[in-house]
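First up is the structure itself, then whatever we jot down about it.
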Amino acid sequence: MARQHDEPVTHILLLHSVFGLRPAVLAAAARLRAAGHEVTTPDLYGLPAADTVQDGFALLDKVGRDSVLERARAAASDLPAEAVLAGFSMGAGVAGALLAERPRAAALLLLHGTGGAPESVRPGLPVQLHLADPDEYEPPDELDEWRRAMTDAGAELSVYRYPGPGHLYTDPDVPDHDALAAALTWDRALAFLAG
């Protein structure tokens, strides 16, 4: 269905994983744009993307977590207050961190990682999380605690688990990739964003 000219445009800040701004992130942005959304995909490193998770963590250490958050904050500053905050893995955590400064965000879309502190959640905030099951970076007890805290804070939380694939399963250029889980994730995410 084509977007009507009088329908509001959803702006999305889409933040990359520890790997950096890889083709999979740009492909995800293109998929979201094809659905009628405006998407901003900042490079939080300012350096070429990594090919391995170890190299990605080395890039994060080189750039520094504070600089990554500052670059995300700068990218968000030109977006409407209601922009959706979204991210992949590390980017999900950064998106969640921005929620404290952007209380009017329309939603929080978390891919491959949790994000957002309960004290930053306004009642009724739509939050959708997509995770591998199991996920080496999201221990079950920590995930359960996060889920309870977000729900208790009033988030309208949906959590989807995908048995079998690796952590970053939506990225076709890493060994974690799982095409079926990725397709289902994008179907659910697009429906969530269509609200």
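The chain is numbered in sequence order, starting from 1.
- For the pair F192/L109, a side-chain contact is recorded, criterion being any heavy-atom separation below 4.5 Å from C-beta on.
- With rounding to the nearest 0.5 angstrom, the OG atom of S89 is 12.0 Å from the CG atom of L15.
- No donor-acceptor distance shorter than 3.5 angstrom exists from the side chain of W146 to the backbone of E138, with no hydrogens or angles considered.
- E38 has no carboxylate O lying under 4.0 Å from a charged side-chain N of R33, or vice versa, which leaves the two without a salt bridge.
- Separation of atoms OG (S17) and NE2 (H167) is listed at 7.5 Å; rounding is to 0.5 Å.
- Side-chain contact between L131 and L129 is present, with heavy atoms from C-beta onward closer than 4.5 Å.
- Distance alone, capped at 3.5 Å, places no donor-acceptor pair between the H177 side chain and the L168 backbone.
- The same ILVMFWY cluster, assembled from side-chain heavy atoms under 4.5 Å apart, contains both V18 and L69.
- Around CZ of R122, the count of heavy atoms belonging to other residues, nucleotides or ligands within 6.0 Å exceeds 12.
- Remark: the backbone N or O of Y45 is paired with a side-chain donor or acceptor of R71 at under 3.5 angstrom.
- Side-chain contact between L14 and T40 is absent, with no heavy atoms from C-beta onward closer than 4.5 Å.
- Two residues are said to be in side-chain contact when any heavy atoms from C-beta on lie closer than 4.5 Å; E156 and L125 fail this criterion.
- Taking the six-membered ring where the residue is Trp, Y169 and H112 present perpendicular rings, their angle passing 60° and hence far from 30°.
- Nearest heavy-atom pair, A92 versus G113, reported as atom, atom and distance to 0.1 Å: CB-O, 3.2 Å.
- Placement of L190 and L111 within a single hydrophobic cluster is found when ILVMFWY residues are connected by side-chain heavy-atom separations under 4.5 Å, directly or transitively.
- Around atom CG of D152, more than 12 heavy atoms belonging to other residues, nucleotides or ligands sit under 6.0 Å away.
- Within the 4.5 Å cutoff, the side chain of F88 has heavy atoms near those of the V25 side chain.
- Here the side chains of V53 and D55 are not in contact, with every heavy-atom distance at 4.5 Å or above.
- Under a 3.5 Å cut-off, the side chain of R102 and the backbone N or O of V84 do not form any donor-acceptor pair.
- Looking at R188 and L184, their side chains come closer than 4.5 Å, going by heavy atoms from C-beta outward.
- Two residues are said to be in side-chain contact when any heavy atoms from C-beta on lie closer than 4.5 Å; V127 and S158 fail this criterion.
- Remark: L13 CG to T41 OG1 distance equals 9.0 Å, nearest 0.5 Å.
- Listed here is the closest heavy atom pair of D173 and R22: CB-NH2, 3.2 Å.
- Residues R148 and E145 are not paired through a salt bridge, judged by the lack of any N-O separation under 4.0 Å between the basic side chain and the carboxylate.
- Of the possible polar contacts, none joining the R104 side chain to the E82 backbone as a donor-acceptor pair under 3.5 Å is found.
- Judged by distance alone, the side chain of D176 and the main-chain N or O of G166 form no donor-acceptor pair under 3.5 Å.
- Remark: the backbone N or O of R147 is paired with a side-chain donor or acceptor of T151 at under 3.5 angstrom.
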